[in-house]
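Below, read A as the first sequence line, B as the second, and so on, with proteins coming before strands; counting in each chain starts at 1.
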There are 2 protein chains.
Amino acid sequence: MSGEDNLLKLVEVEEPEEHDYLLQEQVGFILRKAHQRHVSIFAAHIGDLTPPQFAALAKLRDVGETSQNQLGTLIAMDAATVKGVIDRLKARGLVELSKHEGDKRRLLVNLTAEGRDAIERLIPLAREITRETLAPLSAKEIATFMKLLAKLA
Amino acid sequence: MSGEDNLLKLVEVEEPEEHDYLLQEQVGFILRKAHQRHVSIFAAHIGDLTPPQFAALAKLRDVGETSQNQLGTLIAMDAATVKGVIDRLKARGLVELSKHEGDKRRLLVNLTAEGRDAIERLIPLAREITRETLAPLSAKEIATFMKLLAKLA
DNA sequence: GGAAATTCATTCGTATGCAAATGATATCAA
DNA sequence: TTGATATCATTTGCATACGAATGAATTTCC
């Protein structure tokens, strides 16, 4: 467990990491693929809402009325991005907008009754999506993975 | 430290997972954030090329000339998406296109001399990007994480 | 050999995602 | 108080990402 490893180390140390760069072994590439797979699983269960749209509704359910910018911060979305997401949810009657009294810059967002119904209805599906995404891992692996993934995010 | 906890457990066990759905603990959400962080690190090191563009060049370096579709498969990209990526690389003179003799459907893609120079020059930066993305983890954690992430992708 | 199915590439439409610029409003500080 | 800063939201431009439809060429299979 030690002699051979040390020998290898002595040899390899000569040329560190010259020509080999394998794209398919880089975190970024695999991270992108894992994300793709999740989005695909999401779409298979929840066809008429995207993950960002779902995130917005789910977070509004948690925190209630907030400003558009604040909501963006909570769901890790750029101001420009969150605007588009909220616009589409508004067009579908799932959220409603109002002006903040006292601060005329702020645009308040909240769930409509329909939006609240929708998110409550979708949450069980979201649990299943999480389950299916993590299905290749054992319970213990899931715990480990989530801990490490959280460190990276 | 124990009596109260046990009491709480006995109470909570009645309803398993009713109302609590925490977006910020779901794989999909954290996966998206981890991916965002990586793209940001990438942009900080390689400003004039996106991760998908880099992936296309890196893979062409590995496999040499291939069809556009085949390249898309190798770097996990939709036919429509890969077209846009290749178009932009071509506009910058990093790849060149040619017709496949024998199969008139296929569009062959290859690195130009300039493209080859670029990817060779960028690979050291890419190694640094990988390193920085994984910096929050120890060496042992990295090994574990990569193994589990690969299972999910 | 020829119809049916498959593959390759393109195009269109929609939805993130982010940088940068802009305008309106609020806050801070001299 | 007012001038500098900061915050909130919007807009524009560019780059993925993917479903669906289309057309051209190839392969399959009876």
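- Among the atoms of the strands shown, none is found under 4.0 Å from any heavy atom of B/S40.
- Once rounded to the nearest 0.5 Å, the distance linking CD1 of B/I119 with CG of B/L49 reads 7.5 Å.
- In this entry the distance linking CG of A/N69 with P of D/dT10 reads 9 Å, nearest Å.
- Taking atom CG on B/L31 and atom P on D/dA17, their separation rounds to 14 Å, with Å as the unit.
- Between B/R32 and C/dG17 there is a side-chain polar atom (N or O) within less than 4.0 angstrom of OP1 or OP2.
- Taking atom CG of residue B/L94 and atom P of nucleotide D/dA15, one finds them 13 Å apart after rounding to whole Å.
- In the set C/dT16, D/dA17, D/dC18, D/dA17 carries the atom at the smallest distance from any side-chain atom of B/P52.
- Residue whose closest nucleotide on DNA chain D sits further toward the 5' end, between B/Q53 and A/A79: A/A79.
- When the side-chain nitrogen and oxygen atoms of A/Q68 are compared with OP1 and OP2 of D/dT10, one or more of them lie within a distance under 4.0 Å.
- Considering only the side chain of A/D103, C/dA26 comes nearest among C/dA9, C/dT11, C/dA26.
- For the pair B/H100 NE2 and D/dA24 C1', the interatomic distance rounds to 16 Å; values are reported in whole Å.
- To the nearest angstrom, P of D/dT12 lies 13 Å from CG of A/D87.
- Here the straight-line distance linking atom NE2 of A/H35 with atom CZ of A/F42 works out to 10.5 Å at 0.5 Å rounding.
- Rounded to an integer number of Å, the gap from CG of B/D48 to C1' of D/dC14 is 15 Å.
- In this pair, B/F54 and A/Y21 present their aromatic rings perpendicular. The plane angle is above 60°, beyond the 30 to 60° band.
- Here the C1' atom of nucleotide D/dT16 and the CZ atom of B/F54 are 17 Å apart, to the nearest Å.
- Residue-to-nucleotide proximity on DNA chain D shows that, of A/K83 and B/P51, the 5′-proximal contact is made by A/K83.
- Counting only distance, with no hydrogens or angles, the side chain of A/R32 and the backbone of B/A76 share a donor-acceptor pair below 3.5 Å.
- Residue A/K104 places its side chain closer to C/dT25 than to any other of D/dT12, C/dT11, C/dT25.
- Side chain of B/Q70 to main chain of B/S67: no donor-acceptor pair is present (N/O by atom type, distance under 3.5 Å, no hydrogens or angles).
- Per the geometry, NZ belonging to B/K33 stands 12 Å off P belonging to C/dC18, to the nearest Å.
- The side chain of A/S67 has D/dA9 as its nearest neighbour among C/dT16, D/dA9, C/dT10.
- Within 4.0 Å of A/V39, counting heavy atoms only, lies no atom of the nucleic acid at all.
- Between B/R88 and D/dT16, a side-chain N or O to OP1/OP2 separation shorter than 4.0 Å is present.
- With distances taken from any side-chain atom of A/L107 to the nucleotides C/dA9, D/dA9, D/dC18, the minimum falls on D/dA9.
- A/G102 comes within contact range of the sugar-phosphate backbone alone, with a heavy-atom separation under 4.0 Å but no base atom that close.
- At the heavy-atom level, B/G72 lies nowhere under 4.0 Å from the strands shown.
- Checked by distance alone, B/R105 brings no side-chain donor or acceptor within 3.5 Å of a matching partner on the base of D/dT26.
- The side chain of B/T81 sits closest to D/dC18 out of C/dA9, D/dA15, D/dC18.
- Between B/R92 and B/E114 there is no salt bridge, since no side-chain N of the basic residue sits under 4.0 Å from a carboxylate O of the acidic one.
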